[in-house]
Amino acid sequence: MLLNIIAPMKTIYGLFCMLVFLGSCAGTDKDSNSSKSGEDHTSNPETTESVTVYSHRHYDIDKEIFSAFEKETGIQVLVKEDKASKLIELISQKKDAADILITVDVARLNQAKNKNILQPIQSDYINSRVPSNFMDSDYMWFGLTKRYRVLAYSKERVNPVDIKNYTDLAQPKWKGKIAVRSSGNTYNQSLMASVIANSDQTKAETWAKSLVANFSRSPKGNDRDQVKEVAADRADIAIINTYYLGKLLNSENEQEVEAGKSVGLIFPNQENSGAHVNISGIGVCKYAPNKDNAIQLIEYLLSDKVQELYSAANYEYPIVKDIPICDLLQSWGSFREDTIALEEIGQLNTAALEVFARAGWE
Amino acid sequence: MILEARNITKRFGQIIALSNLTFDMQKGETIAILGESGSGKTTLLRIICGLEEIDTGELSINHKVLNNNNTFLRPENRNIGLVFQDNALFPHLNVFNNIAFGVSRKMNRFEKVSSLMAITKLTGLEKRMPHELSGGQQQRVALARALATEPELLLLDEPFSTLDHSLKNEIRSEIKDIIKTSGVSCIIVTHHIDDATSMADRIAILKDGKLIQINTSKIIFDNPASEYVAKLFGTVNQLDGVFFRAKDLILGEGNRVAAVRESYFENGLFQTTLEYNNQVMRCVHSTFLPIETKIHFSIKKNLSFSVK
Amino acid sequence: MKSFLKTFRFSRKGWLFVLLLIVGIILLPLFSILIRAFDSDASTWELISEFYLSKYIWNSIGLVLGVSGMTILMAVVPAWLIANYNFFGRKFFRLALLLPIAFPTYIMAYTYTGIFDSTGTIQQLANILLGNDFANAIYFDFMTPFWLLLILSFCLYPYIYSACLVSFSNDSAQHLEASKILGANSISRFFKIGIPMAKPALFAGLFLVIMEVLNEYGAVQYFNFKTFTSGIFVAWENGDLTSAVRIATFLFATAIFFLFITQILIRKSKIEKTGKTPIVLEQLKKHHNVFAFLFCGLLFLFAFLIPFMQLLFWAIATYKEVVTFDFYLVTWNTFIISMVTAIIITLISFILLFAGNQLRNIGGKQLASLGILGYSIPGAIIAVGIIMPFAFIDNSLQTDWLLGSIFGLTIAYLIRFMAVSYNTLDGALKKQGSRLDEAALNLNTKPIVALFKIHFPVLRPALFIAIILVFVDVMKELPITLILRPMNYETLATEAYRYAQTNESAMQAAPASILLILLGTVPVILLHKLIKN
């Protein structure tokens with residue numbers, strides 16, 4: 001009787017593992033005839049070249065880029081997408097689990113560095129492509145794309161000359177007019193870190209307190225939702241990342257497009273430090289089993305072609321200088337960006353959290 | 001007349017559960033409804049208390065219509081007591097609260113319940129939970145709970161079926177006492193002839209949804225309406241197409257001769273089996289008859305059935 | 001092999017070993033978390049304890065109480081109506097009201113926001129049909145704690161509804177009739193008999209609801225409602241895993257508190273049940289009929305039909321760009337992993353239950369019930385707790401057997417969802433009464449084969465129900481799946497999450513969401529068939 005139960009169970013489990021196995025191959029492998037499973041890539045590196053990527057970027061375009069890389073180089077890209085915090089924990093427990101870590105902001109890269117899970121990479125090509133303020137001084141991580149945290153204002157109700165700097169958001173005239181998401185969000189944290197970096201923590205706290213008093217509602221939702229708040233006349237100014245406006249303007253929902261059209265962008269701090277910029281960045285893991293492939297992939301991601309694609313498909317700004325950007329980004333014009341070393345922003349993350357807590361920014 | 005049932009018919013889909021049932025019941029009377037499972041006796045009970053509606057016919061209590069084509073009085077408004085087969089005591093309420101459940105708040109609940117508990121010999125068990133009671137106690141709680149609403153009619157569904165055989169007689173007489181003391185009219189549904197004969201003034205026999213006979217047990221015994229009814233009330237012999245009761249088979253006289261097949265002692269008499277013309281008869285006899293003894297017999301009284 | 005099994009008798013030591021092994025595996029991540037809470041590198045702990053901790057505590061408790069009240073209301077009223085009365089649409093609602101259980105809470109939250117926000121369906125319709133002024137006039141802020149509470153309740157009430165429906169229509173049918181005859185009207189029957197007798201089922205369902213609320217993080221994070229889970233994720237995202245783990249211990253303590261409360265409530269309300277007669281439905285007339293129809297109809301409309309239709313429209317609009325070859329594979333992945341894990345988890349909880357029964361005289365039962373503690377820990381924390389020991393094993397054996405393998409993922413699911421199948425089987429076994437327990441006690445003298453011979457058939461319906469419940473849970477699970485899945489492995493839940501979270505597009509998440517929900521409704525329909533019998 002037991003045997004009757006266990007025997008089919010075994011078959012089912014075997015079948016199931018096989019299906020999973022097939023699944024994981026077919027996920028990226030449909031063009032190559034490799035039969036390697038995702039699980040034993042490290043044990044047989046000599047038979048199939050591969051690179052394991054842990055990524056916080058969940059965009060469709062990344063999948064396309066990776067499969068293009070596979071085609072060009074024959075190196076199989078194995079991807080696991082999750083929150084950076086979880087990926088970092090996994091790598092710090094199982095050091096050789098991944099070759100590459102990709103995050104969507106600088107603070108997480110800094111965390112990875114502090115957790116001692118990254119290794120320095122000396123590549124002349126990379127150094128020539130990534131401006132020095134967008135890479136780690138110890139060459140542990142490098143920027144891939146730039147995203148600006150800017151102000152989306154209601155074209156109907158706001159005259160863009162009225163607001164020039166992030167600090168202006170604290171002016172009493174914007175009482176009940178500012179929409180922004182929660183302080184748990186990493187983009188806000190890095191913005192706050194840059195405010196601290198450009199002044200000091202006490203001033204940042206005073207600023208944050210006044211800003212909180214200007215909120216149209218207690219922070220919630222995502223960046224898109226903040227623009228919608230402005231479009232719905234519930235707020236006049238939203239603090240958002242640039243590419244979300246791009247996504248809104250290219251939404252399948254007509255109303256979202258309308259909402260996107262109803263706002264204009266202000267790149268703040270043009271007359272002083274420049275607009276706050278954050279990066280999506282990449283680093284090679286300390287015990288990467290496929291270090292060479294990892295470097296090859298990073299170099300590929302910094303190539304003109306891919307850099308252009310980031311802007312065209314995902315409305316991000318290329319990290320490499322003088323790469324053509326898509327029409328939409330061009331329409332937002334050229335502007336001055338903050339040149340502070342992002343490393344510093346990453347290190348000020350904890351200070352930013354303290355400011356948020358003391359200012360009561362939910 | 002406390003209860004009047006006129007031409008009651010009830011169907012469940014294709015199955016006719018009750019067919020054209022008519023009977024009356026006097027105030028203070030106890031009627032037993034006797035039938036095997038599937039005879040419709042439980043359906044009849046559920047119709048009387050309002051848990052089922054009748055399809056055609058009319059049911060009234062004290063000349064007040066409970067249920068006919070136009071009227072349906074909801075069970076909560078009928079003032080009929082029902083003791084369920086397995087008592088259906090509320091498991092989350094103690095004995096006192098179980099009994100008090102149906103007692104109106106306007107009445108003096110404590111006195112009412114206390115006096116009922118005294119009658120049903122439950123005094124002292126107020127705080128017990130139902131599962132802490134013996135089978136007989138549970139039954140008495142169920143009875144007290146049903147009586148607490150002072151019903152015009154009390155219904156008992158298979159009241160003793162869950163009890164041990166040894167307890168049964170004792171509890172049966174206790175409950176009979178309680179019913180008679182309270183003076184309530186009562187219908188007992190059962191498939192045990194002993195329950196019916198010991199408790200009821202009259203017995204109604206139900207088979208396949210039809211009421212075959214309703215009368216006192218003595219009359220039914222002597223003049224059963226059908227072979228089925230006759231057999232319910234005791235051994236029936238059949239000889240060359242003639243039916244008669246075992247007590248009417250007289251041994252030692254007459255001109256036919258039977259051979260003894262079996263004889264054993266039970267309840268003070270010898271249970272005797274005879275064979276005549278390859279037909280078997282049973283009777284009781286005062287003395288032991290060895291097997292193969294030839295003995296004369298006669299039949300004192302035949303049974304004649306009005307219903308085939 | 002067969003003859004070996006026949007002669008193989010499980011000694012008490014054998015049972016003890018099995019019991020300790022299973023419970024040990026389940027408690028493993030718990031210990032590894034508790035140990036971590038004492039690490040000294042909690043860089044943001046001071047901030048958290050000064051500014052946020054009390055907020056986390058009160059918001060979590062408030063949300064638990066609010067959702068508890070709301071789900072009880074949403075569940076008990078229709079269950080009562082459907083169990084006792086015949087009204088227009090009754091048969092349909094009986095099943096339909098179970099369906100929202102297939103809705104993951106975060107998808108419900110995104111969908112409803114997409115309906116109510118300023119570019120949402122309501123505003124679009126109002127604009128077209130009634131003009132801009134009207135649209136502006138009816139606009140309101142949807143992302144408030146009240147709506148969060150309502151959304152969670154929509155997804156979670158079926159846990160209580162299904163439990164109460166069974167109780168009302170089977171267990172207490174005769175007692176309801178008895179009270180009817182004793183003159184109780186429908187309202188006093190409901191309060192005096194229906195509810196008290198359904199309490200054990202109600203509290204058992206409520207326990208599941210409370211655990212789901214405490215572990216929910218997608219919707220609370222989106223609404224920025226500061227509960228333990230959102231606090232855990234923020235702390236962790238900020239690179240302070242130690243603080244995250246400390247918050248998790250508070251969450252764990254709260255979960256244990258509620259576990260304790262519900263267990264006491266269940267024990268106190270525990271009643272000896274008799275009789276299993278089906279209830280006779282009473283036909284509702286006129287306005288009562290309308291009321292019953294409206295209550296069930298509106299609940300179904302808001303808890304399922306509206307969000308489902310919204311997702312369907314979005315899916316139609318976006319499927320062309322989202323649905324690729326991979327998508328079918330992803331659906332298949334989701335089905336097969338949920339199914340197989342559900343079966344494995346149910347079998348293991350079955351073994352745990354009997355190991356506990358075997359050793360009841362030395363506290364085996366209590367030991368076995370520790371196995372349900374995993375349910376009170378958020379998936380992400382289980383993931384943290386499991387990564388360390390798994391990595392240790394993998395590193396020392398130089399393998400990839402556990403981390404990033406289906407095997408490791410299955411173990412993590414086992415830890416997380418053991419309670420679901422264990423409680424279902426335990427409840428069914430208790431219903432069977434002591435007869436089976438006694439039979440089980442004698443099992444140590446019999447071949448282990450007998451265990452399956454005797455108990456499998458008796459518990460078959462409960463086993464199916466357990467498999468279905470675990471299936472639906474595994475299918476919806478997100479944080480464990482994300483981190484412990486193999487490379488290049490997606491399920492419908494991770495696909496939906498990818499679009500909804502990072503792309504901030506509920507529309508693009510719709511095709512995966514709709515498939516996920518459809519995949520969940522199939523077992524729910526089976527479940528309905530099972531509880532009907």
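The shown structure was predicted, so the numbers you read here are calculated from the model rather than taken from an experiment.
Looking at Q508(C), only its side chain comes within 4.5 Å of chain A, counting heavy atoms on both sides. Residue A357(A) touches chain C through both its backbone and its side chain, counting heavy-atom pairs closer than 4.5 Å. Neither the backbone nor the side chain of E258(A) has a heavy atom closer than 4.5 Å to any heavy atom of chain C. The parts of D60(A) that come within reach of chain C are both its backbone and its side chain, each placing non-hydrogen atoms under 4.5 angstrom from that chain. Of the atoms belonging to L248(A), not a single heavy atom falls under 4.5 Å from chain C. The part of V53(A) that comes within reach of chain C is its backbone (N, CA, C, O), which places non-hydrogen atoms under 4.5 angstrom from that chain. Only the backbone of F223(C) comes within less than 4.5 Å of a heavy atom in chain A; its side chain stays farther off. Proximity to chain A (any heavy atom under 4.5 Å) is shown, for S230(C), by neither the backbone nor the side chain. Within the 4.5 angstrom heavy-atom criterion, no atom of F390(C) approaches chain A. If you measure heavy-atom distances from T186(A) to chain C, the contacts under 4.5 Å come from the side chain alone. When heavy atoms are compared at a cutoff of 4.5 Å, K247(A) approaches chain C solely by way of its side chain, counted from C-beta outward. Residue contact with chain A, scored on non-hydrogen atoms closer than 4.5 Å, is absent for F225(C). Contacts between F392(C) and chain A at a heavy-atom distance below 4.5 Å are absent for every atom of the residue. In this structure, chain A has heavy atoms under 4.5 Å from both the backbone and the side chain of I483(C). Of the atoms belonging to N222(A), heavy atoms from both backbone and side chain fall under 4.5 Å from chain C. No part of D240(C) comes within reach of chain A, as not one of its non-hydrogen atoms sits under 4.5 angstrom from that chain. Residue contact with chain C, scored on non-hydrogen atoms closer than 4.5 Å, involves the backbone and the side chain of R358(A) alike. With a threshold of 4.5 angstrom between heavy atoms, I48(C) does not approach chain A through any atom at all. The contact between R224(A) and chain C is made by backbone and side chain atoms together, counting heavy-atom distances below 4.5 Å.
Residues M487(C) and Y54(A) have side chains in contact (heavy-atom distance under 4.5 Å, counting atoms from C-beta outward). R108(A) has its side chain within reach of N238(C): a pair of non-hydrogen atoms, C-beta onward, lies under 4.5 Å apart.
Most heavy-atom pairs under 4.5 Å with chain A, from the set G231(C), G120(C), G239(C): that is G239(C). Counting heavy-atom pairs under 4.5 Å between each of E50(C), K226(C), Q221(C), M143(C) and chain A puts M143(C) at the top.
Judged by distance alone, the side chains of Q76(A) and S50(A) never bring a donor and an acceptor atom under 3.5 Å apart. Defined by atom type and a distance below 3.5 Å, a donor-acceptor pair is present between the side-chain atoms of Q93(A) and E89(A). A donor and an acceptor atom, one from each side chain of E81(A) and S55(A), are nowhere located under 3.5 Å apart. No side-chain N or O of N253(A) forms a donor-acceptor pair with one of Q255(A) less than 3.5 Å apart. In this structure, a donor-acceptor pair under 3.5 Å is present between the side chains of Y222(C) and D225(A). Side-chain contact of Y243(A) with D223(A): a donor-acceptor pair under 3.5 Å is absent, judged by distance alone.
Ring-plane geometry between F116(C) and W147(C) is classed as tilted, the angle between the planes lying from 30 to 60 degrees on a 0 to 90 degree scale. Between H58(A) and H56(A), the ring planes are tilted. Angles from 30° to 60° get that label.
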